[in-house]
Trainee: 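I have a structure I would like to understand better, so I am pasting it below and will then ask my questions one at a time.
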Amino acid sequence: MATQNQFTEQLTGNISINAHQKRLIGTVPKVGIRPVIDGRRKGVRESLEEQTMEMARTAAAFISENVLHTNGKPVECVIADRCIGGVAEAAMAAQKFEKEGVGVSLTVTPCWCYGSETMDMHPWYPKAIWGFNGSERPGAVYLAATKAAHDQKGLPVFSIYGSEVQDAGDKSIPDDVQHKILEFVKAGLALAEIRGKSYLSIGSVSMGIVGSMIQEDFFEDFLGMRCEAVDMTELVRRTNEEIYDKKEYDEAMKWVREKCKEGEDNNPQEIQLSREEKDENWETVVKMTIIIRDLMVGNPKLDEIGYEEEALGHNAIASGFQGQRQWTDHFPNGDFSEAILNSSFDWNGIREPFIVATENDTLNGVCMLLGHQLTNTAPIFGDIRTYWSPEAVKRVTGHQLNKKASGGMIHFLNSGSASLDGTGRHKKNGKSVIKPWWQITEEEAENCLEATRWCPANLEYFRGGGYSSQFLTEGEMPVTLTRINLIKGIGPVLQIAEGYTVDIPEAVHDVLNKRTDPAWPTTWFVPNVTGQGAFRSVYAVMNNWGSNHGVLSYGHVGDSFITLASMLRIPVSMHNVPEERIFRPSAWAAFGTADLESADYRACRNFGPLFGKGC
């Protein structure tokens with residue numbers, strides 16, 4: 001979500017800011033607003049027409065002013081042509097919504113209406129009802145009656161009801177209602193946006209990592225996505241046959257030579273590559289980057305050089321590159337390609353990140369995708385590498401961890417494919433942030449590049465060479481760590497840990513970092529601990545994490561992930577989000593209110609995967 005719409009197409013110095021682009025095939029989802037009314041004529045309905053339609057217009061304006069798509073374009077709302085007083089008008093609204101490309105449905109009403117006759121029966125739209133809290137007419141009664149109908153029919157709905165009574169003529173949206181509308185809309189649009197798009201596996205299973213064993217049923221049934229796959233030899237074919245835009249390649253190489261500073265070669269002197277070999281590696285990884293992007297979303301330039309099929313791409317909203325080991329034992333690794341594509345800028349300027357999962361970890365790729373959809377920012381892929389206790393840090397470095405890191409910290413590190421936005425060089429009021437791409441300035445993009453060194457790859461791991469990004473995240477930023485795991489007998493489960501990136505003295509970092517691979521990017525992460533369960537300590541969070549990988553999304557957005565997970569019917573196995581911030585469909589209360597975690601599991605199992613019902 002964002003509250004500004006800043007588009008420019010002009011060149012700003014060396015890095016241009018791209019206008020919003022529609023990369024993928026499919027309708028950009030809109031929000032449908034359904035003004036529902038008491039259908040009784042000759043006085044009742046007529047007295048409510050203007051108030052009800054005005055409520056719809058107010059909700060639509062609020063949403064369009066406050067929610068942007070990931071490409072930076074404002075979300076459009078579609079209001080039913082007339083108030084809905086019965087089934088015929090409900091059908092008219094449904095027909096209009098289908099024609100207009102609606103993907104999320106919000107019903108609004110200030111009064112009593114006929115529940116099952118006016119409710120939204122669409123099988124997979126995320127649905128919410130805002131019942132006006134007023135004393136003149138019983139909008140709350142309609143809300144309660146209709147959510148009961150939704151629950152009985154197996155069509156869960158989000159209930160939105162303000163905590164304070166409003167006067168009938170009050171056109172404002174109370175703060176608590178605003179928050180729930182935004183949470184619902186952001187999550188609903190994320191679901192609608194990914195539906196029908198592809199996840200592209202480039203290669204297959206990496207080093208036995210189970211997340212790279214793509215499970216098509218999960219993508220199809222829970223996410224509504226399709227799975228595409230190409231062998232990594234496709235990169236060889238396109239490189240050898242020059243199936244890429246040569247003009248773009250020349251511009252990219254010029255940009256790389258100017259902007260991408262080569263880092264220290266930590267390989268033993270006797271096995272280091274020659275300068276000529278390193279230069280060849282640069283040429284290869286730049287071509288790989290262009291080709292991976294073209295495989296995802298296509299490129300009309302390829303049609304111009306006689307490759308019509310290749311020009312189409314795979315309509316992939318996310319992808320993963322296997323790399324290890326069949327590729328990296330012979331060719332340069334994918335770290336540069338993944339890092340640049342995942343970032344908000346490259347030689348074409350400042351633009352929306354692409355989502356590319358290291359080692360083709362499809363489950364981490366999904367968390368990257370969902371985090372990007374919810375925040376409009378670039379996610380950070382990494383290993384949950386090491387838990388450093390205060391005692392261990394003191395023993396190794398002599399430094400006593402303090403402030404947010406006083407209970408220990410997690411070394412979030414990977415082989416060099418993290419987005420450069422993760423350097424923490426975007427600034428707001430002097431503090432580190434990660435911005436949506438359209439808010440990033442030329443100076444901030446330059447600073448991210450300046451903070452990054454591209455170290456020749458560790459040849460013990462990557463025999464074919466390549467370059468790994470090396471940086472240290474700067475600043476204390478609020479972030480949310482997520483991971484989806486597949487559990488036999490249960491299905492997908494989501495883990496969430498809100499926390500902060502933390503700064504430690506550079507000398508302390510150097511000592512700790514040199515105990516692993518110092519050529520890789522580091523983020524020091526501290527989850528918010530509660531003293532209970534999996535969040536009783538920083539160590540407990542790492543000990544309960546379900547995989548070696550995780551994704552950092554900017555902001556404390558665990559509540560948004562929980563809302564989206566409930567729509568997708570994915571239970572949350574651990575989180576540290578306060579209960580007052582949790583927003584799920586009203587039906588979840590029927591599965592228990594004392595233990596919300598267990599109730600979430602039962603509700604998700606009961607209603608089943610959203611797209612696994614033959615819809």
Side-chain angles (χ1 to χ4, degrees), residues 23-29 69-70 101 103-104 122-127 156 184-202 210-229 296-297 314-320 353-357 360-375 379 381 482-487 490-496 546-547 549-551 553 557 560-573 584-585 600-601 603-605 607-615:
R23 293 174 175 168
L24 300 165
I25 302 164
T27 302
V28 177
H69 291 290
T70 58
V104 181
H122 195 282
W124 66 67
Y125 283 170
K127 305 169 192 61
F184 166 74
V185 169
K186 284 190 300 179
L189 286 171
L191 182 157
E193 182 62 47
I194 67 175
R195 182 172 64 86
K197 309 300 193 304
S198 303
Y199 179 94
L200 174 63
S201 292
I202 303 173
V210 72
S212 61
M213 300 175 184
I214 192 163
Q215 303 294 309
E216 294 189 3
D217 286 352
F218 164 63
F219 278 86
E220 293 167 2
D221 293 352
F222 286 88
L223 306 178
M225 294 175 62
R226 64 192 306 153
C227 298
E228 291 281 289
M296 291 180 67
V297 302
H314 290 264
N315 203 37
I317 197 169
S319 70
F354 294 85
I355 301 299
V356 186
N360 193 32
D361 186 340
T362 66
L363 301 179
N364 234 41
V366 169
C367 288
M368 295 170 72
L369 173 60
L370 299 183
H372 177 52
Q373 292 293 322
L374 290 171
T375 68
F381 184 112
T482 58
R483 172 70 187 186
I484 287 177
N485 299 296
L486 294 177
I487 311 300
I490 297 177
V493 299
L494 174 63
Q495 295 179 296
I496 300 169
S547 176
H549 288 157
V551 177
S553 299
V557 290
S560 297
F561 272 98
I562 288 172
T563 297
L564 177 54
S566 69
M567 293 177 179
L568 297 170
R569 317 294 188 250
I570 298 175
V572 179
S573 62
R584 290 179 169 127
D600 184 33
Y601 271 80
C604 290
R605 178 176 288 275
F607 291 112
L610 184 60
F611 303 105
K613 303 176 182 178
C615 294

Trainee: I need the Leu369 CG to Thr362 OG1 distance, nearest 0.5 Å.
Mentor: 12.0 Å
Trainee: First locate atom CG of Leu191, then atom OG of Ser566, and finally report the distance between them rounded to the nearest 0.5 Å.
Mentor: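 It comes to 10.0 Å.
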Trainee: For the atom pair NZ (Lys197) and CD1 (Ile194), what is the distance rounded to the nearest 0.5 Å?
Mentor: 9.0 Å
Trainee: Check Ala190 against Leu564 and note the closest heavy-atom contact, atom names and distance.
Mentor: CB-CD2, 4.0 Å
Trainee: So which atom in Pro29 and which in Glu193 form the shortest heavy-atom distance, rounded to 0.1 Å?
Mentor: CD-OE1, 3.1 Å
Trainee: Which value, rounded to the nearest 0.5 Å, describes the distance between Met368 atom CE and Leu363 atom CG?
Mentor: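 Taking CE in Met368 and CG in Leu363, the distance rounds to 13.0 Å.
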Trainee: Residues in side-chain hydrogen bond (donor to acceptor under 3.5 Å, both in side chains) with Ser573, at least two apart?
Mentor: none
Trainee: I'd like to check Phe611 versus Pro609 (side-chain heavy atoms, cut-off strictly below 4.5 Å). Are they in contact?
Mentor: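 No, every pair of side-chain atoms sits at 4.5 Å or beyond.
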Trainee: Can you find a pair of side-chain heavy atoms, one from Ile202 and one from Asn360, that are under 4.5 Å apart?
Mentor: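 Side chain of Ile202 against side chain of Asn360, heavy atoms only: no contact under 4.5 Å found.
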Trainee: Going by heavy atoms in the side chains, are Leu374 and Val557 under 4.5 Å from each other?
Mentor: no
Trainee: Going by atom type alone, with no hydrogens or angles, which donor-acceptor pairs under 3.5 Å involve a side-chain atom of residues 211-229 and a protein atom two or more places apart or on another chain?
Mentor:
residue, atom, partner, partner atom, Å
Ser212, OG, Ser206, N, 3.0
Ser212, OG, Ile209, O, 2.6
Gln215, NE2, Met213, O, 3.0
Glu228, OE1, His314, ND1, 2.8

Trainee: With sequence neighbours excluded, tell me which residues meet salt bridge (charged side-chain N to carboxylate O under 4.0 Å, His left out) with Arg584.
Mentor: Asp600
Trainee: Looking at residues at least two apart in the chain, or sitting in another chain, which of them share a ring pair (Phe, Tyr, Trp, His ring centres under 6.0 Å) with His122?
Mentor: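 Listed in chain order: Trp124, Tyr125.
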Trainee: Enter the distance from Phe561:CZ to Cys367:SG here, rounded to the nearest 0.5 Å.
Mentor: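 One gets 6.5 Å once the value is rounded to the nearest 0.5 Å.
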Trainee: With rounding to the nearest 0.5 angstrom, report the CG to CG distance, Leu370 to Leu568.
Mentor: 6.5 Å
Trainee: Using the test side-chain contact (heavy atoms from CB on, under 4.5 Å), find all partners of Ile25 that sit at least two apart in sequence or belong to another chain.
Mentor: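 Testing Ile25 for side-chain contact (heavy atoms from CB on, under 4.5 Å), a comparison that skips the adjacent residues, returns Asn315.
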Trainee: List in chain and number order the residues that pass ring pair (Phe, Tyr, Trp, His ring centres under 6.0 Å) with His549, two or more places apart in sequence or in another chain; answer none if no residue qualifies.
Mentor: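 Ring pair (Phe, Tyr, Trp, His ring centres under 6.0 Å) list for His549, sorted by chain: Phe381.
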Trainee: Going by the rule side-chain hydrogen bond (donor to acceptor under 3.5 Å, both in side chains), which residues pair with Thr70 if we only count those two or more places apart in sequence or in a different chain?
Mentor: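 Testing Thr70 for side-chain hydrogen bond (donor to acceptor under 3.5 Å, both in side chains), a comparison that skips the adjacent residues, returns Glu352.
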Trainee: Would Gln373 and Ile317 count as a side chain to side chain contact (heavy atoms under 4.5 Å, CB included) here? Give the steps.
Mentor: CA-CA 11 Å; Gln373 292 293 322; Ile317 197 169; 3.8 Å; yes
Trainee: Restricting to non-hydrogen atoms, name the atom on Phe184 and the atom on Pro126 that form the minimum distance, rounded to 0.1 Å.
Mentor: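 What the structure gives for the nearest pair is CZ-O, 3.4 Å.
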Trainee: Taking all non-hydrogen atoms of both residues, which atom of Ala316 and which atom of Leu200 are closest, and how far apart?
Mentor: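 For Ala316 versus Leu200, the nearest heavy atoms are CB-CB, 3.7 Å.
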Trainee: For the residue pair Pro353 and Arg23, what are the closest heavy atoms and their distance?
Mentor: O-NH1, 3.1 Å
Trainee: Which atoms form the tightest heavy-atom contact between Arg569 and Gly608, and what is the distance?
Mentor: CG-O, 2.7 Å
